[in-house]
Amino acid sequence: MPAPILIVGGGLAGLFCALKLAPRRVRVLTPGSIDEGAASFWAQGGVAAAVLDTDSPERHAEDTLKAGAGIVDARVALGMAREARARIEDLLSYGVPFDRAGGKFTPSREAAHSERRIVRVKGDTAGRAIMETLVAAVRATPSIELLEGFSAQELLTRDGGVIGLRARGRDGLLRDFLSHATVLATGGIGHLYRVTTNPKEARGLGLAMAARAGAIIADAEFVQFHPTAIDIGVDPAPLATESLRGEGAIIVDRFGHRFMADIDPGAELAPRDIVARGVFASIAAGRGAFLDSRAAVGAEFPTRFPTVYASCMAGGVDPVTEPIPIAPAAHYHMGGVATDAQGRTALAGLWAAGEVASTGVHGANRLASNSLLEAVVFAARIAAHIPATQEEAAVAVPPSARDEAAAPRQDLVDELRHVMARDVGVIRDRAGLTRAAAAILRIEAATTNVELRNMALTALLVTSAALARRESRGAHFRSDFPRAEDALADRSYMTEAQARAIAAEALK
């Protein structure tokens, strides 16, 4: 019997792709239960889509291009925007309870959108509602086999193509899973940073595995920092959704000054990179930063934004009566494994979807709520693109020897996250990036643990790409090259070997 299609990751992209592939046989590998852990669960805003008569996919694409700071692939962005409504209808068909009134959507507006086009669920619970719905659908689909508790280690290759995956089970044993079609849907890199809104699973492992196998990595330097993570000492940091600012919440310092109005005409609704730098600078100057929703939302906060309200109250902050302390946190990676418009990578047999992929639609700075949209659009395309004829391959391979270095050294993990936050964060320069490269290479050399070595490689790819881009563009800001340069308005592409060469040159 032919081996099933292999999907690595149980977030929105992975599960949506699996459902779209039904009734073809699919095997989904996840590090934990699909009922928890994926960053998709945490998404608060919703799915961006032109669903109002006053809006259009063309306007959506225009906003996407503007936010992406000059390097968005316009053709791919327009295609995604035009497919948005169909993917929303798909999610509705699975049972996602999007907010509607009289049968019509009631979308909200978020930063840098020219229209209200964020299709939500109960204000700030879209991610959880979508994922709970898809999880139930996946568990009820006989053609989908779930293998939970498998930590991906490396892609298996033959003749320059990908033939499957090696993963470590909860028992510590390594197993090989073979397939003629492997879909990476492993999520982002946020947990490489000390302050992040991402779950622990978002450590860039899929990105590193693809790079080691020979894939091309695109736009790795562009890491989006969400400007309004709730600063209450929790790891990961809970998120104060952008919809709050869309509804009129303002950002103030400890003296009550609305400082974003001094920085950008869009004030709180400026693109995320600008708001993140403004918040970062206010905190660095000792003035602090707070999201004040008292006038805009007030007593309705518990019912309109229950997730944010619960997070604030758990941290001892009542957003009805007091401003919420905030700080920028690593939130989303615009970079990833380079793919074409069908989600296909440069390696035969390998596709990528969701945050681990770089499709070209985000450019240097993702437009709010385009992440969930990208996940479902490209997951559907991949499902339609994978050849229907499956090659014969072994379904099961006996377990190999136990992985003796199953757990990474926590002190090295903590050091890596500290280095990334300090030197490869909101504001960068050559000295800090060079210092980061040295530390990352030292951490990589100090361990045989595959997981930590993969984390280090992804960190190096981001750092080397940031060293190579000698300008400031979108979410990538270098204080030693503070302006955008027209001559550099192109996407970046890099292999593992090139990343190591750039680091070595900087360390000379």
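A heavy-atom distance below 4.5 Å is found between the side chains of Arg417 and His191. Proximity of Asp235 to Thr196: side-chain heavy atoms (C-beta onward) are separated by under 4.5 Å at one or more points. For the pair Ile326 and Ile283, the minimum side-chain heavy-atom distance is 4.5 Å or more. Contact annotation: the side chain of Val138 approaches that of Leu146 to within less than 4.5 Å [non-hydrogen atoms, C-beta and beyond]. The shortest distance between side-chain heavy atoms of Ser371 and Arg366 falls below 4.5 Å. Within the 4.5 Å cutoff, the side chain of His113 has heavy atoms near those of the Leu367 side chain. The closest side-chain heavy-atom distance from Ile5 to Trp351 is not below 4.5 Å. Side-chain contact between Ile130 and Val376: absent, with no pair of heavy atoms (C-beta onward) separated by less than 4.5 Å.
Separation of atoms CG (Leu461) and OG1 (Thr495) is listed at 8.5 Å; rounding is to 0.5 Å. A distance of 11.5 Å separates OG1 of Thr186 from CD of Glu201, quoted to the nearest 0.5 Å. In this structure, the separation between OG1 on Thr434 and NZ on Lys508 is 13.0 Å, given to the nearest 0.5 Å. Going from atom CG of Asn365 over to atom CZ of Arg473 covers 11.5 Å, rounded to the nearest 0.5 Å. Atom OG1 of Thr182 and atom CG of Leu6 lie 4.5 Å apart (nearest 0.5 Å). To the nearest 0.5 angstrom, Leu467 atom CG is 10.0 Å from Asp429 atom CG.
Looking at Asp219, its side chain does come within 3.5 Å of a backbone N or O of Ser492 through a donor-acceptor pair. Checking side-chain atoms of Tyr332 against main-chain N and O of Ala368 turns up no donor-acceptor pair under 3.5 Å. Side-chain atoms of Thr228 come within 3.5 Å of backbone N or O of Ala240 as a donor-acceptor pair. Side-chain atoms of Ser472 come within 3.5 Å of backbone atoms of Arg478 as a donor-acceptor pair (strictly under, hydrogens ignored). No donor-acceptor pair closer than 3.5 Å links the side chain of Glu145 to the backbone N or O of Arg25. With Ser282 contributing its side chain and Gly278 its backbone, the two residues share no donor-acceptor pair below 3.5 Å. Asn198 places a side-chain N or O within donor-acceptor distance of the main-chain N or O of Gly190, the cut-off being under 3.5 Å. Not a single donor-acceptor pair under 3.5 Å links the side chain of Thr458 to the backbone N or O of Leu207. Under the 3.5 Å distance criterion, the side-chain polar atoms of Ser179 are matched with a main-chain donor or acceptor of Pro4.
Residues Leu12 and Ala375 come closest through the heavy atom pair CD2-CB, 4.0 Å. Closest heavy-atom contact between Ala364 and Ala69: CB-CB, 3.9 Å. Closest non-hydrogen pair, Leu155 versus Leu350, comes out as CD1-CD2, 3.9 Å. The shortest non-hydrogen separation linking Ala220 to Ala465 is CB-CB, 4.0 Å. Closest of all the heavy-atom pairs between Asp423 and Ala436 is CB-CB, 3.8 Å. The two atoms that bring Leu29 and Ala167 nearest to each other are CD2-CB, 4.0 Å, heavy atoms only.
The neighbour count for Arg139 CZ, taken as heavy atoms of other residues, nucleotides or ligands under 6.0 Å away, is above 12. Surrounding NZ of Lys66 are at most 12 heavy atoms belonging to other residues, nucleotides or ligands under 6.0 Å away. The number of heavy atoms from other shown groups lying within 6.0 Å of CZ (Arg470) does not exceed 12. The local environment of CG in Asp411 is crowded, with over 12 non-hydrogen atoms from other residues, nucleotides or ligands closer than 6.0 Å.
Of the charged side-chain nitrogens involved, none lies within less than 4.0 Å of a carboxylate oxygen, so that Asp264 and Arg277 do not count as a salt-bridged pair. Between Glu83 and Arg381, at least one side-chain nitrogen of the basic residue sits less than 4.0 Å from a carboxylate oxygen of the acidic one, meeting the salt-bridge criterion. We find that Asp480 and Arg430 are not joined by a salt bridge, their nearest charged nitrogen and carboxylate oxygen being 4.0 Å or further apart.
In summary, the aromatic rings of His362 and Phe222 are positioned with their centroids too far apart to meet the 6.0 Å limit. Here Phe150 and Phe177 bring their ring centres to under 6.0 angstrom of each other.
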Exercise for the section: Please lay out, stage by stage, how Tyr193 and Phe225 fare under the test ring pair (Phe, Tyr, Trp, His ring centres under 6.0 Å). Expected result: CA-CA 10 Å; Tyr193 288 83; Phe225 294 86; 5.4 Å; yes
Exercise for the section: Check the pair Val275, Arg245 against side-chain contact (heavy atoms from CB on, under 4.5 Å), reporting the backbone distance first and the verdict last. Expected result: CA-CA 11 Å; Val275 181; Arg245 284 176 279 148; 4.0 Å; yes
Handout entry: Steps toward side chain to side chain donor-acceptor pair (under 3.5 Å) verdict (Gln224, Asp273)
Key = CA-CA 7 Å; Gln224 188 175 77; Asp273 61 302; over 6 Å; no
Exercise for the section: Start with the C-alpha distance between Ile443 and Met455, add both sets of side-chain angles, then the distance that settles side-chain contact (heavy atoms from CB on, under 4.5 Å), and finish with yes or no. Expected result: CA-CA 10 Å; Ile443 291 169; Met455 291 172 66; over 6 Å; no
Exercise for the section: Could you walk me through whether Arg500 and Leu457 pass the side-chain contact (heavy atoms from CB on, under 4.5 Å) test, one step at a time? Expected result: CA-CA 9 Å; Arg500 294 190 184 280; Leu457 175 54; 3.8 Å; yes
Exercise for the section: Could you go through the side-chain contact (heavy atoms from CB on, under 4.5 Å) check for Leu19 and Ile144 one step at a time? Expected result: CA-CA 8 Å; Leu19 289 168; Ile144 300 174; 4.1 Å; yes
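Scored by the ring pair (Phe, Tyr, Trp, His ring centres under 6.0 Å) test, His331 finds His226 as partners (sequence neighbours excluded). A search for side-chain contact (heavy atoms from CB on, under 4.5 Å) contacts involving Leu488 returns Arg469, Glu471, Glu485, not counting sequence neighbours. Every residue meeting the side chain to side chain donor-acceptor pair (under 3.5 Å) condition with Arg212, not counting sequence neighbours, appears here in chain and number order: Asn454.
Counted by atom type alone, Ser358 and Arg491 present one or more donor-acceptor pairs between their side chains at under 3.5 Å. For the residue pair Thr447/Arg409, the side-chain donor-acceptor check at 3.5 Å is not satisfied.
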